[in-house]
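What follows is a short report on a single structure.
Computed over heavy atoms, backbone and side chain alike; hydrogens, waters and symmetry mates excluded.
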Amino acid sequence: MPSHARPVRRPAARGPLSAHVLAVLEGAHGPAPQIPRSPDPDDLHLALHLCYELHYGGLPGVPDDLEWDPHLIAFRRVLERWFEADLFDRVGPPVPSQDVRAALPELIRHDDGPSLSSWMVEHGTLTAMREFVVHRSSYQLKEADPHSFAIPRLPRAAKAGLVSIQAGEYGVEHPDHVMHSELFARTMRDLGLDDRPNAYLDQLPATTLANGNLVSMFGLNRRWRGALVGHLSVFEMTSVEPMGRYSAALERMGASPVARRFYDVHVMADAVHEVVAVEEMAGPLADEEPELAGDILFGARAVIASEGAFAQHLLDAFAEGRSSLLEPVAA
Ligand SMILES: [Fe+2]
Ligand SMILES: [Fe+2]
């Protein structure tokens, strides 16, 4: 049976917040729980992830109509308020800014977070690389989709810049028009991994789910359109060297060119996208809507911090010789 014909199993609740969302998805309508002062991040980010999935490909067995269920939307907003406050604590709230074109590369230059790709190319094992791919699958199997929510929300020049990046993500530059998410699915299959959406959801820790929830929150809230553009800018501006290192790591591990293709394509495509991101998207957005400049840089700071926490989580686990997932993947 092809893997897509088999349903993905229902995820297990991790606490009262995710249990409530799962119950609503199954048709129950009990009262929403209060968010504790310090919620369990695994519980909170699973709850938020499940809410957001309804706006993408949906969840198996869940009616499409629940996407706009008022109970779920109200609960999602409560979860988002907690997530926003947590982000403000970690990277500071948006502050008015002037020169986005200079500030974006400056933020990246001052990022002193750990380099997962450098570790992977020097010390990584195939087991570590497969775990890394499993973590990334929660975003990469729908790569580009969260940023596409910005298309109707941006003014003219910034919209054109974003669409030109997205065209590349959706495969326009590929000879066979294969989109990056499909290249990633091929990498997964070539590494013997399950490429069905959410196949590994029960194994993904809060730090991984938070990465995906960050871009979904920015994408699904028009008021965060500036932050979404800052997020995409950082993605494009920090891609070329790490992607080259992941490809080199896979080559050293004996992986096939099919497994490496996703990374190789990004080395080429993002050499262009990193320029477009600043000169044709973030810069023009700040010109057209100067009040969004602070949000653009907030989105950039938030993704740098979120990716840094993710890298540190994996490096800590690998250094201690344990799985970075909640349960290891089968060999
Ligand atoms: Fe891409
Ligand atoms: Fe790109």
Show the nearest heavy-atom pair for residues T207 and H313, with the distance to one decimal.
CG2-CG, 3.5 Å

Please test D202 against R9 for side-chain contact (heavy atoms from CB on, under 4.5 Å), starting from the C-alpha separation and ending with a verdict.
CA-CA 9 Å; D202 276 334; R9 72 179 170 183; 3.5 Å; yes

CG on N213 to CG on L44, rounded to 0.5 Å
8.0 Å

Hey, what do you get for OG (S216) to CG (L48), rounding to the nearest 0.5 Å?
8.0 Å

Quick one: side-chain hydrogen bond (donor to acceptor under 3.5 Å, both in side chains) partners of E67, sequence neighbours excluded?
H55

R156 atom CZ: more than 12 heavy-atom contacts under 6.0 Å:
no

Taking atom CG of D89 as the centre, report whether more than 12 heavy atoms of other residues, nucleotides or ligands fall under 6.0 Å from it.
yes

Do Y56 and W224 share a hydrophobic cluster (ILVMFWY, side-chain heavy atoms under 4.5 Å, transitive)?
yes

Can T208 and Y139 be counted as having a side-chain donor-acceptor contact under 3.5 angstrom?
no

Should the ring pair F184 and F262 be called parallel, tilted or perpendicular, given that the plane angle runs from 0 to 90° and is split at 30 and 60?
perpendicular

Separation of H20 NE2 from C51 SG (nearest 0.5 Å):
8.5 Å

Does the gap between the ring centers of F318 and F132 come in under 6.0 Å?
no

Please say yes or no: joined through hydrophobic side-chain contacts below 4.5 Å, possibly via intermediate residues, are M179 and M243 part of one cluster?
no

Tell me the closest heavy-atom pair linking A144 and Q166, and the distance in Å.
O-NE2, 2.8 Å

I want to check something: taking the side chain as every heavy atom from C-beta on, are V134 and L193 in contact at a cut-off of under 4.5 Å?
yes

Steps toward side-chain contact (heavy atoms from CB on, under 4.5 Å) verdict (F310, L116)
CA-CA 9 Å; F310 169 76; L116 185 57; 4.0 Å; yes

For a 4.5 angstrom cut-off between non-hydrogen side-chain atoms, does F298 reach L87?
yes

Y170 versus H180: any side-chain heavy-atom pair under 4.5 Å?
no

Work out which heavy atom in V8 is nearest to a heavy atom in P197; give both atom names and the distance.
CG2-O, 3.5 Å

For the pair D69 (side chain) and H71 (backbone), establish whether a donor and an acceptor sit closer than 3.5 Å, ignoring hydrogens and angles.
yes

Output for pair (L162 CG, R153 CZ), nearest 0.5 Å, gives 11.5 Å

When you compare the side chains of E327 and Y200, does any donor N or O come within less than 3.5 Å of an acceptor on the partner?
no

Say you draw a straight line from CG of L228 to CZ of F149; how long is it, rounded to the nearest 0.5 Å?
10.0 Å

Those residues that, when tested against E106, pass side-chain hydrogen bond (donor to acceptor under 3.5 Å, both in side chains) (two or more places apart):
R109

N211 side chain to H135 side chain, donor-acceptor N/O pair below 3.5 angstrom
no

In terms of heavy-atom contacts, A47 and L79 come closest through CB-CD1, 3.8 Å

Please tabulate, one pair per line, all N/O donor-acceptor pairs under 3.5 Å involving side-chain atoms of residues 272-285, not counting sequence neighbours.
| residue | atom | partner | partner atom | Å |
| --- | --- | --- | --- | --- |
| H273 | ND1 | E169 | OE2 | 3.2 |
| H273 | ND1 | E236 | OE1 | 3.3 |
| H273 | ND1 | D270 | OD1 | 3.0 |

Could you go step by step and tell me if S323 and E131 meet the side chain to side chain donor-acceptor pair (under 3.5 Å) rule?
CA-CA 8 Å; S323 174; E131 285 205 0; 2.7 Å; yes

Residue pairs meeting side-chain hydrogen bond (donor to acceptor under 3.5 Å, both in side chains), one or both in residues 285-300, sequence neighbours left out, come to R101-D287, R225-E289

Has the side chain of R260 got a donor or acceptor atom that lies under 3.5 Å from a matching backbone atom of A255?
no

Do E241 and S117 have side-chain N/O donor and acceptor atoms under 3.5 Å apart?
no

Under a plain distance cut-off of 3.5 Å, with no hydrogens placed, do H266 and S239 share a side-chain donor-acceptor pair?
no

Is atom CD of E320 surrounded by more than 12 heavy atoms (other residues, nucleotides or ligands) closer than 6.0 Å?
yes

So, does D111 use its side chain to make a donor-acceptor pair with the main chain of G113 at under 3.5 Å?
yes

With under 30° as parallel and over 60° as perpendicular, where do the rings of Y246 and Y263 fit, or are they tilted in between?
tilted

Given the rule that I, L, V, M, F, W and Y join up when any side-chain heavy atoms are under 4.5 Å apart, are L220 and I151 in one cluster?
yes

side-chain contact (heavy atoms from CB on, under 4.5 Å) assessment of R130 paired with V329:
CA-CA 8 Å; R130 289 174 87 240; V329 277; 4.0 Å; yes

In the structure I gave you, are the side-chain heavy atoms of P11 and L50 within less than 4.5 Å of one another anywhere?
yes

Consider only side-chain heavy atoms of I, L, V, M, F, W and Y, link residues closer than 4.5 Å, and tell whether L326 and L204 are in one cluster.
no

Indicate yes or no: at least one non-hydrogen side-chain atom of L25 is less than 4.5 angstrom from one of L72.
yes

Where S247 and D264 come nearest, the two heavy atoms and their spacing
OG-OD1, 2.5 Å

Heavy-atom neighbours of E122 CD exceed 12 at 6.0 Å
yes

Can you classify the ring geometry of H231 versus H147 as parallel (below 30°), tilted (30 to 60°) or perpendicular (above 60°)?
tilted

Taking only residues two or more places apart in sequence or in another chain, which ones pass side-chain hydrogen bond (donor to acceptor under 3.5 Å, both in side chains) with R10?
E26

Minimal non-hydrogen separation, S306 against L214, with atom names:
CB-CD2, 4.0 Å

pair F88-F83: side-chain heavy atoms closer than 4.5 Å
no

Could you give me the CA-CA distance, side-chain angles and deciding distance for V258 and T187, then say whether side-chain contact (heavy atoms from CB on, under 4.5 Å) is met?
CA-CA 6 Å; V258 172; T187 296; over 6 Å; no

Please check if the side chain of R252 supplies one atom and the backbone of V121 the other of a donor-acceptor pair under 3.5 Å.
yes

Please assess E182 against R189 for the test salt bridge (charged side-chain N to carboxylate O under 4.0 Å, His left out), listing each intermediate value before the final yes or no.
CA-CA 10 Å; E182 172 54 25; R189 294 195 293 269; 3.0 Å; yes

Find out whether L46 and L201 are in side-chain contact, i.e. whether some heavy atom of one side chain is under 4.5 Å from a heavy atom of the other.
yes

Only pairs at least two apart or in different chains count here, so list each salt bridge (Lys or Arg N to Asp or Glu O under 4.0 Å) that has a residue in residues 39-53.
R14-D42, E53-K142

Is there a side-chain contact between L191 and L250 (heavy atoms, below 4.5 Å)?
yes

Salt-bridge criterion met for R186 and D190 (N-O under 4.0 Å):
no

Out of curiosity, D195 CG to S137 OG, how far, rounded to the nearest 0.5 Å?
9.5 Å

Same cluster or not: are W82 and V78 linked, directly or through other Ile, Leu, Val, Met, Phe, Trp or Tyr residues, by side-chain heavy atoms under 4.5 angstrom apart?
yes

